[in-house]
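First the proteins, then the strands, lettered A, B, ... as listed; each starts at 1. As the structure is a prediction and not an experimental result, all values here were calculated from the model.
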Amino acid sequence: MLLSEFRIRNFRSIIDSGWNKLSTDNITALIGQNESGKTSILESLCSFREGVISEDVLRSDITLPEVSCAYKPATDENFDLVDKSRLPEGIIEAIRKDNKLVLTRIWNMDLTNRLYLSGEKISEIFDRIENEEMKLTDTVIREIYRSRSECEEIRRQIKITQEDCILLRKESEKIAVRLSKLNKLSKRSKDTEKLELLKREIQNVNSGFNHINEKIRTGELHLTSLKEKLAQNEMVKEHGQQCLENMETFEYVKAEMEKAYKQLIEADDNHRLADENQRKAGRQGLKKARETVGKLQHRLNHLKNISGTCKRLVRNLVQGMNLAEAGQQANEEYISISRIFTREESGEEFLKCLPRHEFFEDFGSLLPNRIDLDDIYENNNRVEGFKAVRNFLIIAGLDPKFFRQSNNRILKQKIENLNNEVTVDFQEYWCQNIGKENKISINFDLEHYDISHPEKKGKPYLEFWIKDEHERLYPKQRSMGVRWFLSFYLELKAFARQNKNEKSILLIDEPGLSLHARAQEDVLKVFEDIREKVQIIYTTHSPHLIDHNKLYRLLAIERSRDKSEKSETIVFDASHFQSATSDTLSPVSALLGAGFMHQVSRNTVNVIVEDISTFYYMSSLYKLIDPESEIFFLPADGKAGVPVLINLMTGWGFDFSVLLFDNQNNRAMIEKIQLQLEGFNLSDSGTRLILAENFEGSEDLFSTLDFKKHIINKRLGIPETNSGYIHENNISRPLLASRFAQLVATGNFSVDLLDEETRQNIEKICRSVIKSFRIIKNKAR
Amino acid sequence: MAKQSGYRKHASKLFGGPHKTHDREIMESMRYAGLIQRALLPSDHQLKKLLDQYFILFMPKSIVSGDFYWITQKDRQTYIVVADCTGHGVPGALMSILGISFLNEIIKNGTSTTAGRILNKLREKVMEALNQTGNFNESKDGMDISLCIFNYDKSRMQFAGANNPVYIIRDNVIQETIPDKMPVGINAIHEEPFSSHEIDIFRNDVIYMFSDGFADQFGGPESRKFKYGPFRQLLLDIYKKDMDDQQLILRQTIEDWMGQNEQVDDILVMGFKIL
């Protein structure tokens, strides 16, 4: 999994870098002037992984630093280190769908931080979970208040019903007495008429009696139901009350916890600042503060669990479950929910899968002349050159214990073999000759102190030297440049070897400052060699640390030119270089001029072209048409640079011609050149000025179809000229041109892949160039 | 509610019902669109001036047509186009208006020199106008075209075709120039450049440019397509006749062939004689 994009906010001079994509081939260079914010970007990426920042990172406007990193998972990435059973549903699917794992770390003013899983879809999942919990809290609180008022109401209803029942019972008793009397009377009566009347009355009273008894039964049933309802509501009320208390206590403890945490940080700071006498007391204060924080944290967790369960219990009671059932279900539900990671816990979990970010500021541990084996065995890293020697042994694949080997023959043989292996590997990268024909080699040997060191007599040590054909010199007798490169080589190779099973990201600040241009190019070779295993992001001012065919690897960093903005750092990717200043892009411009003296000579055919893009296109196209071509295209820095180059080339006495494209911008310059310089009149047959008529820019040499197919890689309608399309859509010309140059440089592109229109256009221009040179050469003869 | 029903009833009486009113409005718009489309086609005067002996059989399937023809002269060269846009009726007509407008822009104002490059340019314009990028769910419309550029000074013509060929009849022999098998518009997989064919022309050559409407018309006793073989034979039979007669014969033939069948597509055949 490699870092694919980053976004930095409120970190030193960076207010908001926006999302910036890193090169997909694992090497990204940050270019820009001093103080532009390049190192801040490296530091922020390092801090993101470690979580540690210093106070000077904080901005004066008290905005909180925030770094987001997006990683592209490998196709076979299974996130084995993540406990997937505890992730909310849909997280892994969302990461796979976006092919992106986004994590954000945000720091507080007290430099504490929180890391969390972010990204649009991921945030939606966590928001949904949090909203559900908040909704549950709202519902529960509402139910608690409802149950309180409902209890009162039920009690009132019970009272009324009970009173009604008492009255009805009294009435029933009265009727029963009356009925008994009537029954007695009817038994006694002999009068048939009177008896009939009595029977009718008994019947009426009986019916009333039954009616009242029925009402009493209904009342009693209602009373039972009311009592049951009251009991349920009482339960809700009682547990709800407890729930509310828990929630309030949770908030209170949380506030206490925050206070205690601040005190802990203060105690920690005081403990560091205090003098020796106060330190003892400070230590006690710190211990106490830590204990308080620990206890509060424990209590907070406990309260969180209780509140979570309690809320669910109340909800279940409201739904009509009995206490035992409601309690059991609440418990089970909360246990399963509390297992699910929060966005912060998920962040920490995914952090385990991320590559390490290693920040290399300097490679100061230079290879020493000698080092005692005892210091290596004891891991004595304060000894001079310890790290360099340790790296050397890692690269050699040698465990220090090997030197305890008693068989001298085996020891010597192994050392000789290793010397050869390390030297051969090193020589692949270090291409400079040390003033002689042969290259340098690195050697070490195992020696023992003799009598000249009586205190160490007989003890083993490793001795190093860097030798060429005739000289065998200790490292310290070599130049700083050689020693720096060696140290850099040892560090990076050792790092790559140590982490061969683990992806890592190296953040390197200005590598190779003290190196010769050629050696800086060797640094690039080391990067190329390890980039499969290690992703590299480095800052540089040097054109020699940039591959001119791979401009997509660059991010240009500069300070805002808008005075209304607060001197903010702005990042441009290669497709927006047209918006960066020429100062920021100076390594790129210098890079193109770097090969100048190697290429320009009296024997080559030198053609001045107006800009970098034209240089890329013409060099590549010409190579396609004539691979053996000796034509060297020389890029000016825009149209204003053309007359300067003409003067330089004339001054140095080189043969050259000038190729210009037929656009509005060039017309005034063409007029000027024709007027001011001899041999550049377009109407002369022997002119050195070649005008690419009907082509506004070098991109127009391609047919629209070829332009779409090979340059922009898009299928769409382009009714305007190719150069017009680039201009309209604000696309970086140098980036497109360098990509094409790179494609041609791979050797996988041939002229047959271009259509007839493009081929005719190129041939037309090439004919003009060759014609102009025949004239020049003829004149020279 | 009662008020609304009353109003609707009243409106139906006045305008002959909602559907009828709507249909009538559409028909009127179509007729007017047809007039505009015909106004964009070259006038008889223009054709007469540039071609002298010619005929055009133009039988749109409906009021407006997806087939169109176009002619212009620039730098002593005569450009003739016969095109068949995707669909017929209104969609085809909209495409044909785009086509005419783009051809005017490319040929009259542009610098494209060969027939193939003109079609390349036209395709770019169509793709841009219809936002065609090769994605799903986007318009795949385009046009089939035959484009001839005549240089009478050199007795040569250039031809580029997008699915539509051109026939030249000379001494009782019909010579077919095969077009590129792709439309002017987005292609199924990727776009290739259109080829330009250089052809010598001679006096009395008769050249035919056409859409697929004639050959694809269903009819006859077995209700099948007319097909290109009989179409070529028919042209061979009539090519020596007067141009107006040729048009009449072609019209009569296709109408007889069609019989009671419905016209399936717009029909356009253009013939002219090199003098």
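- The number of heavy atoms from other shown groups lying within 6.0 Å of CD (A:E728) does not exceed 12.
- A:K708 touches chain B through its side chain: at least one heavy atom from C-beta onward sits under 4.5 Å away, while N, CA, C and O do not.
- Counting heavy atoms of neighbouring residues, nucleotides and ligands inside a 6.0 Å radius, atom NZ of B:K140 exceeds 12 of them.
- Heavy-atom neighbours of A:K97 NZ from other residues, nucleotides or ligands within 6.0 Å: at or below the threshold of 12.
- Rounded to the nearest 0.5 Å, atoms CD (A:E756) and CZ (B:R117) are 6.5 Å apart.
- Remark: A:E693 CD is loosely packed, at most 12 non-hydrogen atoms of other residues, nucleotides or ligands lying under 6.0 Å away.
- We find the CD-CD1 distance between B:E128 and A:I718 to be 9.0 Å, quoted to the nearest 0.5 Å.
- Interface residue B:Q132: only backbone heavy atoms are found under 4.5 Å from chain A.
- Atom NE2 of A:H710 has more than 12 heavy atoms from other residues, nucleotides or ligands within 6.0 Å.
- Using a 4.5 Å heavy-atom threshold, the side chains of B:K125 and A:E720 count as separate.
- For B:E105, no part sits under 4.5 Å from any heavy atom of chain A, backbone or side chain.
- Around atom NZ of A:K714, no more than 12 heavy atoms belonging to other residues, nucleotides or ligands sit under 6.0 Å away.
- Put simply, OG1 on A:T704 and CD on B:E191 are 11.5 Å apart, with the number rounded to the nearest 0.5 Å.
- Atoms NE2 and CG, from B:H190 and A:L705 in turn, are 10.5 Å apart once rounded to the nearest 0.5 Å.
- Of all the heavy atoms in B:G134 and A:R715, the pair that sits closest is CA-NH1, 3.9 Å.
- Around OH of B:Y32, the count of heavy atoms belonging to other residues, nucleotides or ligands within 6.0 Å does not exceed 12.
- Here B:T133 is the residue among B:T133, B:V126, B:L122, B:L130 with the most heavy-atom pairs under 4.5 Å with chain A.
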